[in-house]
Protein chains: 2
Amino acid sequence: MKTKCCDTHISEEEAQNLLSENGISRTKIKTSILLLLSKSKKPLSASEIYQKIGPKNCDISSIWRTLKKFHEKGITRELNLGEDFFRYELKDSHDEQDHHHHHVRCRDCGDIKQLEECDLSAFDKMFSKLGFKKMEHYLEFTGICSKCS
Amino acid sequence: MKTKCCDTHISEEEAQNLLSENGISRTKIKTSILLLLSKSKKPLSASEIYQKIGPKNCDISSIWRTLKKFHEKGITRELNLGEDFFRYELKDSHDEQDHHHHHVRCRDCGDIKQLEECDLSAFDKMFSKLGFKKMEHYLEFTGICSKCS
DNA sequence: GATAAATTGCAATTGACTTGCAAAAAAATA
DNA sequence: TATTTTTTTGCAAGTCAATTGCAATTTATC
Ligand SMILES: [Mn+2]
Ligand SMILES: [Mn+2]
Ligand SMILES: [Zn+2]
Ligand SMILES: [Zn+2]
């Protein structure tokens, strides 16, 4: 039920293993980003990661390239929470269609909470539990159409 | 059930009335954009609108300002279908939490289909009806948190 | 350790979207 | 209708997330 997404605090060794398992070179930046994502209580944006790593310690373009690679390899999930940039979070290995979660973001203060699982009928209860009101939801689908499959 | 969103073909007069009803000046550009949105079978991006109106007939900045105003006034809905830009569609007057629809976009060819209504349990059937497979969905929420309300 | 392959920093670039300003058009007033 | 006030428009410049080419550095492979 608990995903690797947030607040997991993986170790440096675990991070490096994750990289190797996915055929990604074990570099300092890539390890740092994995650690940051696992420590964070909410999905992070590229520039938040950049700030945390320290602008002196790496270039923002390297962060973008890393995030892109992580996404290609399926290590992370790319989220649009109604801001004008993406946020990224770790995916759990068994994180699939039927096991994943979503988020709530306050349209006022921007605070982000994680929902426990994806079962839309249950969302209303979670919102009141979290103290969120005036909910709006964003839901769209992508897939492969008949012409393309 | 059918919304004003697509394929409605409102008349120029209807478009201008819609503008007046919402306290927006009845200009040529604004009328054109309304007509285009009502004629389109799928939500349009700013640059698609720009191409259709003709780069000689107006400036892209005017289109952006118009789309922003429409959105403020609640005439349109702004959609993120997993592309790196927004799409816009007309909202129906009684289009609320409990009466709206979503879309499917092909990750291969980009084709976009409109779903009939928002009832997630029913989506699977619609996807097979539409011939879409390998579905992915994007769902996130915004709301007002306890601190802010 | 030597060599091949991937990653990095830096600087330049793209593309969506915004903004200031003066001219033009629309709305409000008379 | 004529005049005044308000809003919109075009144009040009700017912002900011995200991408890219290239040479230097680091990591993987042998
Ligand atoms: Mn999460
Ligand atoms: Mn639609
Ligand atoms: Zn879900
Ligand atoms: Zn819905």
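Small disclaimer: the values here were computed from a predicted structure and weren't measured. Just the heavy atoms: all of them, side chains too, but no hydrogens, waters or symmetry mates, feed the values below. Throughout, a chain's letter reflects where its sequence line sits, starting with A, and its residues are numbered from 1.
- Atom CD in B/Glu72 sits about 10 Å away from atom P in C/dT18, given to the nearest Å.
- Linking Ile, Leu, Val, Met, Phe, Trp and Tyr residues whenever their side-chain heavy atoms come within less than 4.5 Å leaves B/Phe132 and B/Ile112 in two separate clusters.
- Atom CD of B/Glu48 is separated from atom C1' of C/dG15 by 15 Å (rounded to the nearest Å).
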For nucleotides 14-21 of chain D, give me one character per nucleotide, 5' to 3': B if any protein heavy atom sits under 4.0 Å from the base, S if the only such contacts are to the sugar-phosphate, - if neither.
---SBBBB
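- Here the straight-line distance linking atom CZ of B/Arg65 with atom CG of B/Asp59 works out to 7.5 Å at 0.5 Å rounding.
- The two residues B/Phe70 and B/Lys30 have their closest heavy-atom pair at CZ-O, 3.7 Å.
- Between the CZ atom in B/Arg77 and the CG atom in B/Leu37 there is a gap of 11.5 Å [rounded to 0.5 Å].
- Note on ring orientation: taking the six-membered ring where Trp is involved, the planes of B/His102 and A/His137 are tilted (angle from 30° to 60°).
- The distance from atom CD1 of A/Ile29 to atom C1' of C/dA6 is 13 Å, rounded to the nearest whole Å.
- Taking the six-membered ring wherever Trp is involved, the centroid distance between the rings of A/Phe127 and B/Phe141 falls below 6.0 Å.
- Helix-axis bend for the helix from C/dG1-D/dC30 to C/dA30-D/dT1: the local axis fitted to the five terminal pairs at one end deviates from that at the other end by 50°, rounded to 10°.
- Rounded to whole angstrom, the span from the CD atom of B/Gln16 across to the C1' atom of D/dT8 amounts to 15 Å.
- Regarding A/Phe70, its CZ atom lies at a distance of 10 Å from the P atom of C/dT7, rounded to whole Å.
- Remark: A/Glu89 does not engage A/Lys42 in a salt bridge, criterion side-chain N to carboxylate O under 4.0 Å.
- Other residues, nucleotides and ligands place no more than 12 heavy atoms under 6.0 Å from the CD atom of B/Glu12.
- With respect to the salt-bridge test (charged N to carboxylate O, under 4.0 angstrom), the residues B/Arg87 and B/Glu48 qualify.
- As rounded to whole Å, 11 Å separates atom P of C/dC17 from atom CZ of B/Arg87.
- Residue B/Lys30 is classed as a sugar-phosphate contact, given heavy-atom separations below 4.0 Å to backbone atoms only.
- The separation between B/Lys69 atom NZ and C/dC17 atom P is 19 Å, rounded to whole Å.
- The nearest whole Å value for the distance from the CD atom in A/Glu83 to the C1' atom in C/dC17 is 17 Å.
- At the phosphate of D/dT7, neither OP1 nor OP2 sits under 4.0 Å from any side-chain N or O atom of B/Thr27.
- Look at B/Ser25 and you won't find any side-chain N or O under 4.0 angstrom from OP1 or OP2 of C/dA27.
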